[in-house]
Protein chains: 2
Amino acid sequence: MIDGPTKTLPRLDESLLTHMPPFSRLSRERIRQILDLASSRRYPEGQAVFEEGAEAGRFFMLLDGYIRVIRITETGEQIIALHIPPGQLFGIAKAIGRSSYPATAVTASESIVLSWPMELWDSFLSYDGFATETYKTVGTRMGEMNNRIVEMATQQVEQRVANALLRLVNQTGRKVEEGIEVDFPITRQDLSEMTATTLHTVSRLLSAWEKAGMVKSTRKHIIVCDPHALVVLGHHSSKH
Amino acid sequence: MIDGPTKTLPRLDESLLTHMPPFSRLSRERIRQILDLASSRRYPEGQAVFEEGAEAGRFFMLLDGYIRVIRITETGEQIIALHIPPGQLFGIAKAIGRSSYPATAVTASESIVLSWPMELWDSFLSYDGFATETYKTVGTRMGEMNNRIVEMATQQVEQRVANALLRLVNQTGRKVEEGIEVDFPITRQDLSEMTATTLHTVSRLLSAWEKAGMVKSTRKHIIVCDPHALVVLGHHSSKH
DNA sequence: TGCGAACTTTGTTCTAGCGCAAGGTCCATC
DNA sequence: GATGGACCTTGCGCTAGAACAAAGTTCGCA
């Protein structure tokens, strides 16, 4: 979905942004200004916010929901590069010197997104704390990518899937009765695209873990009951 | 090696920096200033310029040689994250909002390196074109990491090694009689650490390619005779 | 010139986990 | 309440490539 942003939501309250790191040092007035420049929009689950290669006309902030950053190979395989939780900027191509989006962003669940025209980027950068926080975010994402590379290079499938699951519950987990649940719909296929394996293998692993009482899962939902047991898997032994 | 930088080289000429992208828009006088603030140093092959986790006290520019950015796992395995060619900044932790280096930098061949105290970073950022070029570099490196993830997730070992080799000759290749040679010493082990495989497998692949006339290799040296043949390998078919 | 360390090669064995196949379950929609 | 599509499970065979093993080669250095 690349069509123009539209205001489908009621007038936005300043409190939406006051606690988001990139804006937290700004005055109420400044935030009002920023909000008045923003378009807000609701995306249903599974919709693209922008596509890889498209001209980077706007930058975004996720207010609610989850965004999945994906890449698609020439042969049509998808790989999930990153999950973005609420409160983060994304599609900030200009921050890394690009004029087109380097990947596709899709909603992992219904999401509320603010966006601004990329022309405003430079003025945003001048706001107190904005640049610092933004580059911190870039750094964090680089770190995550790096860890992923190391993980794929050195760990077995079981450990990778365990780690991916742990990361999900840590970053986006919601406490429920039996443990912590990933709080957006997630399929075996999704998990396999995050860990470079097949949905079959993921399914088998989840079955085994469920038998061992470490997780509980139903269609599109996964609850981690015993995080520590998964951590231990991750620390077991190396590939070589 | 983390010991203090020392001026071991003769006085630096302005022309060293005038054609390096981050500085190319600056006046001769400004460049003189910048050089006078710099420490220069020669590192023999295989030496660490800085180590992962250390406080990021300086940032660097590679004048000559090659730098390898590596990470080491808890179990002692090395993985090579990136190769940096001459003319690029590295160790620019501040650019991504970090106060310690996120990886270790080691020379892949004898190298000449300039460095400045990180306290000067903000003033450098104000120089015309410096910030833009720097963030472009960050963006490029993110892109490379991303491609690497996709590659590891979707390609077979042979294709990955072929691609890694192609990237090396494209970025750092030196034309020789029989083809293009990687212009720093590189072992089978190095190549395996770049592609998440073993030195044994790399050795077998190189042997096979040599038999097919696509490459020529000796101890620590690899010449690609028929780049196109390697490209074709990379395009063959996907894993799934 | 001879020793040892650092590289490289090649053979053989073994297994993680992929590919393939078939069937089951849940859910939306008519 | 039946049809179809999306998602999940499980079994089995097979192969890429890791692990193990053992020699061979090159090079710096005493």
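In what follows, chains are A, B, ... by sequence order, proteins preceding strands, each numbered from 1. What you see below is based on every heavy atom in this structure, not just the backbone, and it leaves out hydrogens, waters and symmetry mates.
In this structure, T201(A) and H221(B) both approach DNA chain C, and ranking their closest nucleotides by distance from the 5' end singles out H221(B).
The side chain of Q156(B) lies closest to dA16(D), out of dA16(D), dT10(D), dT25(D). Of the candidates dC20(D), dA16(C), dA6(D), dC20(D) carries the atom nearest the R204(B) side chain, counting heavy atoms from C-beta on. The side chain of T197(A) lies closest to dC18(C), out of dT9(C), dC8(D), dC18(C). Of the listed nucleotides (dC27(C), dC18(C), dT8(C)), dC27(C) has the atom at the smallest distance from the side chain of R219(A).
Judged by the 6.0 Å and 45° rule, R41(A) forms a cation-pi pair with Y43(A).
Residue contacts for L199(B): at a heavy-atom cut-off of 4.0 Å it reaches a base atom on one of the strands shown. If you check every strand for non-hydrogen atoms under 4.0 Å, S207(A) touches sugar and phosphate atoms only.
Here the C1' atom of nucleotide dT9(D) and the CG atom of L205(A) are 13 Å apart, to the nearest Å. Between the C1' atom of dA18(D) and the CD atom of Q189(B) lies a distance of 14 Å, rounded to the nearest Å. Distance CZ (R188(B)) to P (dT25(D)): 15 Å, rounded to an integer number of Å. If you measure from atom CG of D190(B) to atom C1' of dC7(C), you get 11 Å, rounded to the nearest angstrom.
With hydrogens and angles ignored, a donor-acceptor pair under 3.5 angstrom links the side chain of H200(B) to the base of dT10(C).
Ion pairing of E193(B) with R68(B) is absent here, as no side-chain N (NZ or NE/NH1/NH2) approaches a carboxylate O to less than 4.0 Å. Ion pairing of E181(A) with R174(A) is present here, as a side-chain N (NZ or NE/NH1/NH2) and a carboxylate O approach within less than 4.0 Å.
By the neighbour-count criterion of 12 heavy atoms within 6.0 Å, atom CD of E55(A) is sparsely surrounded, having that number or fewer from other residues, nucleotides or ligands.
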